[in-house]
Amino acid sequence: MSQIYWTTIDSPVGELLLTADDAGLTGLHMEERRHGPAGIDPRWVRDESTFADAHKQIDAYFAGELQEFDLPLNPSGTTFQRRVWASLRTIPYGEVRSYREIAEEIGRPTASRAVGMANGRNPISIIVPCHRVIGTSGALTGYGGGLERKRLLLDMESQEASLL
């Protein structure tokens, strides 16, 4: 098992827990999340320097200065989950897609519910923008960080995108 590093940073959506291994970022978790670590594993090593670039990019994102993250990512998940998460990264800043559209994009048009489950298990929120996925009707649906945070992120992005 490889070494896991961690740190926390403050953000407009609350404290964020970042985790990484030598291959890249493995997690970005909000407080009061449905999935993810229950806390800091005593075997993990706190290391601020590992996350310097991630911290800088997250700050720039919340300042409206960054629309696309450029960080090495190493999320742990099934092949299907990884396909969904890769698809999420193609959703442009300030835009949304439905679960059905994601299912169609990955070649599994009847897998909307499975896409929703994979979306909910995304370990690298914000950077892998699961908040940009909505119901087919256009309604906000579940978000591991809570619907209030989802609305805040979508509102922030749509306001910044309209300034371009």
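Of the N and O atoms on the side chains of Thr90 and Glu105, at least one donor lies less than 3.5 Å from an acceptor on the other residue. Between the side chains of Glu157 and Tyr61, a donor-acceptor pair is found at a separation under 3.5 Å. Side chain to side chain, Gln57 and Asp53 meet the donor-acceptor criterion of an N or O pair below 3.5 Å. Side chains of Glu48 and His55: a donor-acceptor N/O pair is absent below 3.5 angstrom, by distance only.
Applying the 6.0 Å contact sphere to CD of Glu148 captures no more than 12 heavy atoms from other residues, nucleotides or ligands.
Judged by distance alone, the side chain of Arg100 and the main-chain N or O of Thr136 form no donor-acceptor pair under 3.5 Å. Side chain of Ser87 to backbone of Arg83: no donor-acceptor contact under 3.5 angstrom is found. Here the side chain of Arg97 pairs no donor or acceptor atom with the backbone of Ile102 at under 3.5 angstrom. Judged purely by atom type and a 3.5 angstrom limit, Ser98 has no side-chain atom pairing as donor or acceptor with the backbone of Ile134.
Distance check, rounded to the nearest 0.5 Å: CG of Asp155 to CG of Leu153 gives 9.0 Å. Distance check, rounded to the nearest 0.5 Å: NE2 of His29 to CG of Leu18 gives 8.5 Å. To the nearest 0.5 angstrom, Lys150 atom NZ is 7.5 Å from Cys130 atom SG. A distance of 9.5 Å separates CZ in Arg121 from CH2 in Trp85, rounded to the nearest 0.5 Å. Of the inter-residue distances, the one linking Leu88 atom CG with Asn122 atom CG reads 6.5 Å to the nearest 0.5 angstrom.
Taking both residues in full, the closest heavy atoms of Trp6 and Leu17 are given as CE3-CD1, 3.9 Å, listed atom of the first, atom of the second, then distance. Shown here for Gln81 and Ala118, the closest heavy-atom pair between the two residues is CG-CB, 3.9 Å. When all heavy atoms of Ile124 and Pro75 are compared, the closest pair comes out as CD1-CB, 3.9 Å. For the pair Ile127 and Arg89, the tightest heavy-atom approach, listed with the atom from each and the gap, is O-NE, 4.0 Å. Across all their heavy atoms, Ala20 and Leu25 have their closest contact at CB-CA, 4.0 Å.
For the side chain to side chain donor-acceptor pair (under 3.5 Å) test, no residue two or more places apart in sequence or in another chain qualifies with Ser112.
Of the residues listed (Thr26, Thr50, Asn74), the one engaging Asp21 in a side-chain hydrogen bond (donor to acceptor under 3.5 Å, both in side chains) is Asn74, and it is the only one.
In this structure, the side chains of Tyr99 and Val133 come closer than 4.5 Å at one or more pairs of heavy atoms. Using a 4.5 Å cut-off on side-chain heavy atoms (C-beta onward), Val84 and Ile106 make contact.
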